[in-house]
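In what follows, a structure is listed as structure tokens, so that the remarks can point back to it.
Keep in mind it's a predicted model, so treat the numbers as computed, not measured. To find a chain, count down the sequence lines: A is the first, B the second, and so on, and within it residues start at 1.
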Amino acid sequence: MSVRVRVAPSPTGAPHLGILRTALFDFLCARHHRGTMILRIEDTDRNRFVPGCEEEIMASLRWLGIDWDEGPDVGGPFGPYRQSERKEAGIYAIWVQKLLDEGYAYWAFDTPEELEEMREYQQVNRQPVGYFGGTWRDASGAQVEAARASGKPGVIRLKMPRGRLLVCDDLVRGRVEFDSDTVDDPVLIKADGMPTYHFAAMVDDHLMEITHIIRGVEWISSAPKHVWLFEAFGWTPPQFVHVQVINGPDGKKLSKRHGDTRVFDFKYAGFLPEALANFVALIGWAPGGDREIMSMDELVEAFELDGLQPSPGVFDIEKLRWMNGHYLRGLSGESLLEKVGAYSGDPDVRAFWARDEHAALPTGPALADLSRALTLDPALAEEAFVLVRERVVTLADFGEACDFVFVDRPVMDPAAVGKWLTVPHARRLFECLAADLVSPEDAISVEACERLVRSFAEGHGIDKLGPVVHPVRVALTGRTVGPGLFELMSVLGRRRMIERFENALRLLP
RNA sequence: GGCCCGGUCGUCUAGUGGUUAGGAUGCCGCCCUUUCAAGGCGGAGGUCGCGGGUUCAAGUCCCGUCCGGGCUACCA
């Protein structure tokens, strides 16, 4: 039987790392087994529905390189793929009626207040909390008819068996057993007529012929409800795969408190999708051996569900940064130009860096300058990107890393000026170089730059290169750190260098 | 409280009865060198949560215990 897996997010908030990871595992599993990847939107909660969220979910997944064969936007033979639409189509009503008819489900008309009271009572009496019988589990047909006739709002609950062992066969954790007496009767259909997750997801998984339910461990406690549902219907349950969710550094479930966990925030922060995907795939799964840097194709090729780790994983942003830098270094000048261009010109990226928590950083303005410079002189920009490629970690770093290339006058770091523009030979050095640089041609090779600097040193009895290199670097970039001097000089060109030397001469004591 | 899941360097992990417990990241040092990176090399960092067993031999199997986490909604 061919593998069919689904990622089933609910549009209740911006998609975060957790859903991304689950989706990635679904995707890798589907592609590895040449099976089918399905996207299903679980929009059964009308109160928490967030408009636009579904679009962001799809955009986030696609950004990462995850696509699907069946889904609300692409259709498929098992549609519709939105649960609200499936509800409208009457799908859940048919199946819950079957359960009602066969005595596996029942109507319950408790008010929210009554339920709250029940829970309080159970808590103070140290009893298991939940709907274990209530007044409606064994109510007579006449009572139910009367309640329905009176127009009382009611829900349909699943009648859990008593005195039974319920087994969830989990691919990651093995056999997980539950005493059915410890699990209460879950609501299947809410008073507004919408199905709950417990009901809709299981019915859909069966109807859509899902072979593996890959979901977060937080679902494992409700697994007995799900396996019972399958048994009540007489269906064979899919393979359960409960993957550990990603935790924050404090060991707690990753949330807003841990900073940016929204998938698109990583995009806005300048991470490459291939780096994020590679990194996230390695939390809770390892290909064996020492492999770490892996393309999506390599991940697909190596991925196996039974390599999944049962223990929780902590999201280590430092390692992500390393990996992102690694991917950045592997990019050609051409693709750097394309990626940095798209990034620095993205209004969402600008908005990200303009947020309160980032507004004080120089990153936003630097990116804006870069975007402008890039459209003015793409060829120069490309050279600049290659120049600093080894020194950046994210796309966002390019702005500050190469701003000195584009500005008319570099911003002079006072400490740098104090240290290197005060050397005795500075004046002579800048005058000589500026004079030597004069030529009708603006371009100059790296080798020529090196010859220029070296010959000055030799001609003036300076045996080490440092005392010459450092003042030149400060004159040209305003800083003491940066790319190799000769490379940087070549990128700048003769005209810019002459201007900057003249500018530096005015700063000399 | 009840039920369930988890526990190998700070972090991600390899490991399926016999390894000096390996790799990666981060940290430190050295090399390279015009700085910073990158890269190369090396180092520190783990009584495999703890305690008992089983075994000639246990991170690996069994029991207990502690700690962490999840669920306990007409949310997913």
Select base, sugar-phosphate, or nothing to describe what [X] touches, counting heavy atoms under 4.0 Å on all strands.
X: A:Gly130; value: nothing
X: A:Val129; value: base
X: A:Leu282; value: sugar-phosphate
X: A:Val176; value: sugar-phosphate
X: A:Pro153; value: nothing
X: A:Arg479; value: nothing
X: A:Gly484; value: base
X: A:Val187; value: sugar-phosphate
X: A:Phe279; value: nothing
X: A:Asn47; value: nothing
X: A:Arg119; value: sugar-phosphate
X: A:Ser10; value: sugar-phosphate
X: A:Arg48; value: base
X: A:Glu42; value: sugar-phosphate

Between [X] and [Y], is any side-chain donor less than 3.5 angstrom from a side-chain acceptor?
X: A:Asn324; Y: A:Thr394; result: no
X: A:Asp204; Y: A:Tyr92; result: yes
X: A:Ser295; Y: A:Glu274; result: no

[N] to [M] separation - [atom1] atoms, rounded to the nearest Å:
N: B:C9; M: B:G15; atom1: C1'; answer: 15 Å
N: B:G29; M: B:U19; atom1: P; answer: 35 Å
N: B:A73; M: B:G53; atom1: C1'; answer: 44 Å
N: B:A21; M: B:U34; atom1: C1'; answer: 44 Å
N: B:G2; M: B:C12; atom1: C1'; answer: 34 Å
N: B:U65; M: B:G26; atom1: C1'; answer: 34 Å
N: B:G6; M: B:G59; atom1: C1'; answer: 16 Å
N: B:U13; M: B:U8; atom1: P; answer: 10 Å

Lys/Arg-Asp/Glu bridge criterion (N-O < 4.0 Å) met for [X], [Y]:
X: A:Asp316; Y: A:Lys319; result: no
X: A:Asp192; Y: A:Lys87; result: no
X: A:Asp205; Y: A:Arg6; result: yes

Looking only at side-chain atoms of [X], point me to the closest of [options].
X: A:Phe178; options: B:A14, B:C3, B:C36; result: B:C3
X: A:Ser221; options: B:U34, B:C71, B:C12; result: B:C71
X: A:Glu390; options: B:A37, B:C74, B:G70; result: B:A37
X: A:Thr182; options: B:C3, B:U34, B:A76; result: B:C3
X: A:Glu292; options: B:U13, B:A24, B:C75; result: B:A24
X: A:Pro310; options: B:U34, B:G7, B:G70; result: B:G7

By nearest nucleotide on RNA chain B, pick out whichever of A:Ala191 and A:Val469 is the more 5' one.
->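 Result: A:Val469.
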
Position toward the 5' end of RNA chain B (nearest nucleotide), A:Thr480 or A:Val172 |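 That would be A:Val172.
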
Considering just the side-chain nitrogens and oxygens of [X], establish if one lies under 4.0 Å of OP1 or OP2 belonging to [N].
X: A:Arg126; N: B:G2; answer: no
X: A:Thr44; N: B:A76; answer: yes
X: A:Gln309; N: B:A14; answer: yes
X: A:Lys190; N: B:A73; answer: no

d([atom1], [X]; [atom2], [N]) in whole Å:
X: A:His326; N: B:A38; atom1: NE2; atom2: C1'; answer: 12 Å
X: A:Asp316; N: B:U13; atom1: CG; atom2: P; answer: 11 Å
X: A:Met118; N: B:G1; atom1: CE; atom2: P; answer: 20 Å
X: A:Arg329; N: B:G40; atom1: CZ; atom2: P; answer: 10 Å
X: A:Trp322; N: B:U13; atom1: CH2; atom2: P; answer: 14 Å
X: A:Asp290; N: B:G23; atom1: CG; atom2: P; answer: 8 Å
X: A:Asp413; N: B:C36; atom1: CG; atom2: C1'; answer: 13 Å
X: A:Asp463; N: B:U34; atom1: CG; atom2: P; answer: 12 Å

Across all strands, who's sitting opposite [N] as a Watson-Crick or G-U wobble pair, both distances under 3.5 Å?
N: B:C67; value: B:G6
N: B:G1; value: B:U72
N: B:U19; value: none
N: B:C30; value: B:G40

More than 12 foreign heavy atoms under 6.0 Å from CZ of A:Arg291: is that the case here?
-> yes

In this structure, which one of A:Lys159, A:Arg162, A:Lys225 forms a salt bridge (charged side-chain N to carboxylate O under 4.0 Å, His left out) with A:Asp185?
-> A:Arg162

With A:Trp136 as reference, evaluate A:Tyr106, A:Phe109, A:Trp107 under the ring-ring contact (aromatic ring centres under 6.0 Å, His included) test and give the passing residue.
-> A:Phe109

CA sep, side-chain torsions, deciding dist, call: A:Leu272, A:Leu331, side-chain contact (heavy atoms from CB on, under 4.5 Å) | CA-CA 11 Å; A:Leu272 261 16; A:Leu331 260 25; 4.1 Å; yes

Per the atom types in the model, does the base of B:C5 pair as donor or acceptor with the side chain of A:Arg173 at under 3.5 Å?
->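 Between B:C5 and A:Arg173, which were checked side chain against base, a qualifying N/O pair under 3.5 Å is absent.
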
